[in-house]
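Comments concern the structure below.
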Amino acid sequence: MKVLIRAAAAVIALLVLALAGLVAMVLADADAEATEVTGGGGAGGLRGVPEEFRAWILEAAEECEEPELTPALLAAQIYQESGFKTSREEATSYAGAEGPAQFMPGTWATWGRDADGNGQASPWDIGDAVTAQGRMMCSLVKKAKGSGYPGDVRALALAGYNAGWGRVEQFGGVPPKSFANGQTYNYVRSILATMKRFEGPGLLQVKGSGSGADALRKAAGRLGTPYAYGGGGPQGPSRGFCSGGGGYRGGTCVADDTVGFDCSSLVQYAYWPDLKLPRTAAAQYGATSDRAVSRQNLKPGDLLFWSHGDSGAIYHVALYAGDGNVLHAPRTGKTVELVPLSTAMPDSDYYGATRP
C-alpha cells in the first residue's frame with residue numbers, strides 16, 4: 001500500500017512539474033509575443049523619421065549615458081539642420097557645413113568616425129554623421145550639466161552645437177535673440193518645440209517580409225510627417241503647392257510652405273525603388289488594378305482606394321497596415337497617421353484594393 005501511495009505521489013509531482021513547465025512556456029511565449037508586437041525597448045522613443053536614419057539615431061542616443069539626450073531630440077536636431085537631406089546640393093550650407101548633421105570640416109575632424117564600417121569617415125554617410133552628432137551632443141550635455149548656467153541643459157547643449165561652447169560661456173547661457181540675428185536662439189527654440197513630433201514609440205511595428213511588408217515598414221518610418229498637397233516623392237518629403245482647392249487651410253495656402261507628403265507620394269515613396277509606382281492615386285490604381293484584392297483578404301502593404309461616388313474619380317490612396325488599420329497621409333493640416341480603415345475616409349467612398 002505504501003508503495004502505491006509513493007508511486008501515486010511521484011506521478012502527481014511529475015504532473016505538477018510538467019504543468020508548471022507548460023505554464024512557464026506559455027508565459028514566456030506571451031512575453032515574447034508582447035515584445036514583438038510593441039517593438040521592445042530598443043525600438044521605442046522614436047517615430048516620424050526616415051527608415052535609413054532610425055537605427056543610427058537610436059544607437060547614438062543609447063550610447064550616451066545622459067538621459068536628456070533622447071532619440072527625439074537627436075531627430076528634431078537633424079530635421080532642423082538638414083530636414084534629413086543627404087545630397088550635396090541640399091545639405092551643404094552657405095557657411096560650408098556638410099551632411100545631414102551639418103558638420104563644419106574642423107568640427108568633423110574632432111568627432112567624425114567610420115561608424116558604418118565602409119572604410120571612410122564621412123559627414124555624408126548617415127551612420128557616421130548621426131553617431132558623431134550623438135557623441136558631440138552627449139559631450140555638450142555633460143558640459144552643460146557641469147557649467148552651472150541657468151536653463152535647460154538640452155538648450156545649452158544645442159546652443160553649443162550651433163554656435164560653439166565658447167558663445168555659451170560668453171553669454172552665460174543660450175545666446176540672446178540679439179546675437180547673430182537670433183540664429184542660435186531660434187535654433188534652440190525650434191528644436192525643443194519640434195521634439196514632440198518625433199517622440200515615440202512608433203505606432204506601428206511591422207512583422208514579416210516581402211514587398212508589401214517592406215513598403216509598409218518604410219512608410220511607418222514617416223508617421224508624424226506633415227501632409228503637403230503636391231509634396232513628396234521617391235526621395236522623401238518636399239514642399240507642396242496649392243492648386244484648385246488643394247493645399248489650402250482656412251482659405252490660406254499652406255502647402256507651399258509645408259514639407260511633407262500627400263497620399264499618393266507617400267505610397268510611391270514606400271514602394272520605391274523596388275516598384276516604381278506612378279505619382280497620383282488614380283494612376284496608381286490604373287497600374288495595379290489587374291491585381292484586385294477583396295476587403296476580406298487584405299494583407300499589409302496592399303493599396304486601398306477611395307473615389308467620388310458621383311464621378312467615380314479616385315481621390316485617395318492608403319496602405320493597409322493590418323488589423324483593420326490603414327497608414328496614410330490624409331489631408332492638409334494633418335500628418336501621416338495610422339487609423340482604422342472604416343474611418344480613414346467616408347466608408348461609402350471606398351472603391352477597392354489592389355496588391356502591387
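All values reported here derive from a predicted model rather than from experimental measurement.
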Can you tell me if Ser243 uses its side chain to pair, donor with acceptor, with the backbone of Gly246 under 3.5 Å? no
Is it the case that the side chain of Asn186 and the backbone of Gly182 share a donor-acceptor pair, with hydrogens and angles ignored and the cut-off at 3.5 Å? yes
State which residue, out of Arg331, Lys334, Arg279, fulfils the salt bridge (charged side-chain N to carboxylate O under 4.0 Å, His left out) condition with Asp262. Arg279
Measure the acute angle between the ring planes of Trp108 and Phe103, then classify it against the limits of 30° and 60° as parallel, tilted or perpendicular. perpendicular
Quick one: do Thr288 and Arg355 satisfy side chain to side chain donor-acceptor pair (under 3.5 Å)? Show the steps, please. CA-CA 7 Å; Thr288 59; Arg355 183 162 299 153; over 6 Å; no
Phe53 and its side chain to side chain contact (heavy atoms under 4.5 Å, CB included) partner, picked from Ile78, Leu46, Leu74: Ile78
Is the shortest side-chain N to carboxylate O distance from Lys196 to Glu199 below 4.0 Å? yes
Evaluate side chain to side chain donor-acceptor pair (under 3.5 Å) for Tyr187 paired with Glu81, printing each intermediate quantity in order. CA-CA 9 Å; Tyr187 174 88; Glu81 291 285 0; 2.6 Å; yes
Quick one: does Phe171's side chain get under 4.5 Å of Pro176's, heavy atoms only? yes
Flag the pair Tyr227 / Phe261 as yes when their ring centroid distance falls below 6.0 Å, and as no otherwise. no
Is there a donor-acceptor pair under 3.5 Å between the side chain of Asp128 and the backbone N or O of Asp116? yes
What is the distance from atom NE2 of His328 to atom CG of Leu341, rounded to the nearest 0.5 Å? 10.0 Å
Can you label the angle between the Tyr285 ring and the Phe305 ring as parallel, tilted or perpendicular, going by 30° and 60°? perpendicular
For Glu66 and Val141, indicate whether the former's side chain and the latter's backbone hold a donor-acceptor pair under 3.5 Å. no
Any carboxylate oxygen within less than 4.0 angstrom of a Lys/Arg side-chain nitrogen, looking at Arg217 and Asp214? yes
Test: Lys218 cationic atom under 6.0 Å from Tyr269 six-membered ring centre, within 45° of axis: yes
Nearest 0.5 Å, what's the OG-CH2 distance between Ser139 and Trp165? 9.5 Å
Sidechain-backbone polar pair: Asp125 side chain, Gly127 backbone, donor-acceptor under 3.5 Å: no
Working note: Ser87 + Glu90, criterion side chain to side chain donor-acceptor pair (under 3.5 Å); need CA distance, chi angles, decisive distance, verdict. CA-CA 5 Å; Ser87 72; Glu90 296 176 298; 3.1 Å; yes
Ion pair present between Asp347 and Arg295, side-chain N to carboxylate O less than 4.0 angstrom? yes
Parallel, tilted or perpendicular: which one describes the rings of His316 and Trp306, with boundaries at 30° and 60°? tilted
Hey, is Asp256 close enough to Arg239 for a salt bridge, meaning N to O under 4.0 Å? no
Are more than 12 heavy atoms from other residues, nucleotides or ligands located less than 6.0 Å from atom CG of Asp290? yes
Working to the nearest 0.5 Å, report the span between CD of Gln133 and CD of Gln77. 4.5 Å
Can you confirm whether Asp349 sits close enough to Tyr315 that some side-chain heavy atom of one is under 4.5 Å from a side-chain heavy atom of the other? yes
Search all heavy atoms of Pro67 against all heavy atoms of Lys145 and return the closest pair with its distance. CD-NZ, 4.0 Å
